[in-house]
J.: 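Got a structure for you, written out below as structure tokens; questions coming shortly.
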Number of protein chains: 2
Amino acid sequence: MSPAKSPAASQRSYHHGDLRRAVLTAALDVIAADGPSALSLRDLARRAGVSHAAPAHHFGDRAGLLTAIAAEGYGLLARALGDARDLREAGVRYVRFAREHPAHFQVMFSPGLLRGDDLELGTARALAADALRAAVTAVDPGDRGPDARLAGVAAWSLAHGFATLLLGHNLDGAVGDDDPEEVFRALAAMLFHSAGPDTPRT
Amino acid sequence: MSPAKSPAASQRSYHHGDLRRAVLTAALDVIAADGPSALSLRDLARRAGVSHAAPAHHFGDRAGLLTAIAAEGYGLLARALGDARDLREAGVRYVRFAREHPAHFQVMFSPGLLRGDDLELGTARALAADALRAAVTAVDPGDRGPDARLAGVAAWSLAHGFATLLLGHNLDGAVGDDDPEEVFRALAAMLFHSAGPDTPRT
DNA sequence: AGGCAATCTAGTCAGTGTCAAGTTCGAGCG
DNA sequence: CGCTCGAACTTGACACTGACTAGATTGCCT
């Protein structure tokens with residue numbers, strides 16, 4: 001009952017008003033709760049109070065819906081990375097993004113569920129890749145050799161692995177009650193052993 | 001007449017002989033090819049030449065099958081990690097395991113598809129966790145403080161992230177034609193900036 | 001006001017997971 | 001040897017899902 005946009009759901013008009021958005025947010029709820037495999041177009045239609053085939057009109061099919069979510073996720077990620085001033089900060093933001101948008105994150109990296117050749121997805125992905133590349137070269141604008149590329153892969157792997165394990169509750173015992181972002185800062189400090197700017201405590 | 005082991009499908013006896021194993025390997029094939037979401041119990045039954053409900057008799061339901069695969073995966077991982085003499089070597093073996101058993105790896109870290117309370121899964125998982133812990137403390141048997149734990153999380157995150165991105169073809173451009181294991185060795189060298197294979201000073 | 005395209009409904013079909021009941025087979029025991 | 005008994009497998013059914021189609025409704029644009 002949240003769509004402040006339009007009270008169309010309660011008032012039974014023929015047109016929903018913003019079905020696309022309603023289906024998307026409902027899908028994100030379901031995915032965050034029970035994973036992408038628990039997602040059913042018919043259930044989403046039921047939640048939105050429309051007929052079972054209405055969502056298909058907006059997304060084509062199941063893969064289309066997931067693809068739209070992934071594309072939105074890459075856009076959000078690009079915005080979240082923004083203008084990180086170094087690789088470590090980019091990693092922190094990467095982890096923060098995964099925690100704030102777990103459903104998007106999960107779908108983005110489940111290639112089997114997506115249509116890889118989708119145009120919108122491609123551009124969104126490229127956008128995020130640009131943001132990542134910017135963070136890699138931000139440390140030393142002149143350095144574009146293999147070392148920089150390797151550092152980028154290392155930072156991405158570390159951040160991605162940490163975020164993935166975190167969302168899968170594989171690190172519950174290890175991080176305890178600590179703020180995951182602070183833990184990741186410590187990990188990143190190990191990777192870039194230049195102590196760099198010290199880690200500010202929040 | 002009991003060549004029931006392998007050509008059981010051709011020989012149409014009422015009992016398959018080794019249906020459990022047959023379904024498992026068929027499932028691994030499907031998952032490696034098209035991901036876990038493309039898995040259908042009925043299709044597996046068809047491949048094994050048995051009736052559509054036969055697999056359920058061995059695994060209960062879909063989640064049971066995936067759980068059995070995950071448990072097997074954790075067993076294989078524990079064996080693969082074996083007695084790695086340091087964290088870096090353990091990471092290399094972790095990545096190697098993911099590349100040699102992509103289906104297992106994928107299922108192991110998809111909590112939404114598994115029954116988390118399964119007994120066999122729990123023990124297998126604990127076994128793998130022990131192997132990991134052993135690798136963490138192998139560097140300095142006396143050190144069990146937060147530093148060692150952090151190093152373990154860092155190594156696990158790096159290896160897991162690298163393996164995940166690799167399997168998702170997210171690093172195709174970055175690693176090029178290089179041997180992924182060698183690339184990971186370089187990443188691990190960045191993390192444990194001691195250059196040597198051993199003597200990692202904390 | 002009229003027409004048009006987007007939006008949504010309703011009906012259908014093949015495919016799936018899961019359950020309940022029957023059938024076949026082999027091992028163990030009299 | 002014959003018997004039972006339980007595990008492995010089959011058969012049939014039900015509810016549900018994704019996908020497709022044709023038709024109804026509506027908002028918008030000229």
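Chain identifiers are assigned alphabetically (A, B, ...) following the order of the sequence lines, protein sequences preceding nucleic acid strands; residue numbering begins at 1 within each chain. Because the structure is predicted, anything quoted here is derived from the model rather than measured.
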J.: Whole angstroms only, please: what is the CG-P distance between Leu44(A) and dA19(D)?
T.: 12 Å
J.: Among residues 34-43 of chain A, which contact DNA chain D at a heavy-atom distance under 4.0 Å?
T.: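 Contacting residues: Leu39(A), Ser40(A), Leu41(A), Arg42(A).
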J.: Taking only the side-chain heavy atoms of Asp61(A) (C-beta and beyond), determine which of dA19(D), dT7(C), dT9(C) contains the nearest atom.
T.: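 Side chain of Asp61(A) sits closest to dA19(D).
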J.: Taking any heavy-atom pair under 4.0 Å as a contact, classify Arg20(A): base, sugar-phosphate, or nothing.
T.: nothing
J.: Counting the atoms with a prime plus P, OP1 and OP2 as sugar-phosphate, which does His52(A) contact under 4.0 Å by heavy atoms, base, sugar-phosphate, or nothing?
T.: base
J.: Among pairs that include at least one residue of residues 68-81 of chain A, which meet salt bridge (Lys or Arg N to Asp or Glu O under 4.0 Å), considering only residues two or more places apart or in two chains?
T.: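 Of all non-adjacent pairs touching residues 68-81 of chain A, those that pass salt bridge (Lys or Arg N to Asp or Glu O under 4.0 Å) are Arg21(A)-Glu72(A).
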J.: Take the protein atom CG of Leu19(A) and the nucleotide atom P of dT26(D), then report the distance between them rounded to whole Å.
T.: 16 Å
J.: What residues, two or more places apart in sequence or in another chain, satisfy salt bridge (Lys or Arg N to Asp or Glu O under 4.0 Å) together with Arg185(B)?
T.: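 Listed in chain order: Glu89(B), Glu182(B).
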J.: Do any pairs count as a side chain to side chain donor-acceptor pair (under 3.5 Å) and have a residue in residues 166-178 of chain B, sequence neighbours left out, and if so which ones?
T.: none
J.: I need the residues from residues 107-114 of chain A with at least one non-hydrogen atom less than 4.0 Å from DNA chain D; give them sorted by number, or say none.
T.: none
J.: What's the CG-C1' distance between Asp18(B) and dC9(D), to the nearest Å?
T.: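 About 15 Å, once rounded to whole Å.
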J.: Could you note down all residue pairs passing ring pair (Phe, Tyr, Trp, His ring centres under 6.0 Å) where residues 170-190 of chain B supplies at least one of them, sequence neighbours left out?
T.: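 For residues 170-190 of chain B: Phe162(B)-Phe184(B).
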J.: Not counting sequence neighbours, which residues clear ring-ring contact (aromatic ring centres under 6.0 Å, His included) with His58(B)? List them please.
T.: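 Residues passing ring-ring contact (aromatic ring centres under 6.0 Å, His included) with His58(B): none at all.
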J.: In whole angstrom, what separates His57(A)'s NE2 from dA10(C)'s P?
T.: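 Answer to the nearest Å: 16 Å.
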J.: How would you list all residue pairs meeting salt bridge (Lys or Arg N to Asp or Glu O under 4.0 Å) that involve residues 43-68 of chain A, not counting sequence neighbours?
T.: Asp43(A)-Arg46(A), Asp43(A)-Arg47(A), Asp61(A)-Arg115(A)
J.: In residues 62-71 of chain A, which ones come under 4.0 Å of DNA chain C, going by heavy atoms?
T.: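 Contacts with DNA chain C under 4.0 Å: none.
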J.: Listed by chain and number, what are the ring-ring contact (aromatic ring centres under 6.0 Å, His included) partners of Phe59(B), not counting sequence neighbours?
T.: none
J.: If only atom types and distance count, is the side chain of Thr137(B) paired as donor or acceptor with the main-chain N or O of Ala134(B) below 3.5 Å?
T.: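 Here the side-chain-to-backbone pair exists.
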J.: Take atom CZ of Arg115(A) and atom P of dG18(D), then tell me their distance rounded to the nearest Å.
T.: 15 Å
J.: Considering only residues two or more places apart or on different chains, which pairs with a residue in residues 65-87 of chain A satisfy ring pair (Phe, Tyr, Trp, His ring centres under 6.0 Å)?
T.: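 Counting only pairs at least two positions apart or across chains, no ring pair (Phe, Tyr, Trp, His ring centres under 6.0 Å) contact touches residues 65-87 of chain A.
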J.: Could you pull out all residues at least two apart from His52(A) that satisfy ring-ring contact (aromatic ring centres under 6.0 Å, His included)?
T.: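 Checked His52(A) against ring-ring contact (aromatic ring centres under 6.0 Å, His included); zero matches.
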J.: Atom NE2 of His58(B) to atom P of dG6(D): distance rounded to whole Å?
T.: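 Rounded to whole Å, this separation is 19 Å.
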J.: Report which part of the nucleic acid Ala56(A) touches: base, sugar-phosphate, or nothing (heavy-atom distance under 4.0 Å, all strands).
T.: nothing
J.: With distance as the sole test, does Ser40(B) use its side chain to make a donor-acceptor pair with the main-chain N or O of Arg42(B) at under 3.5 Å?
T.: yes
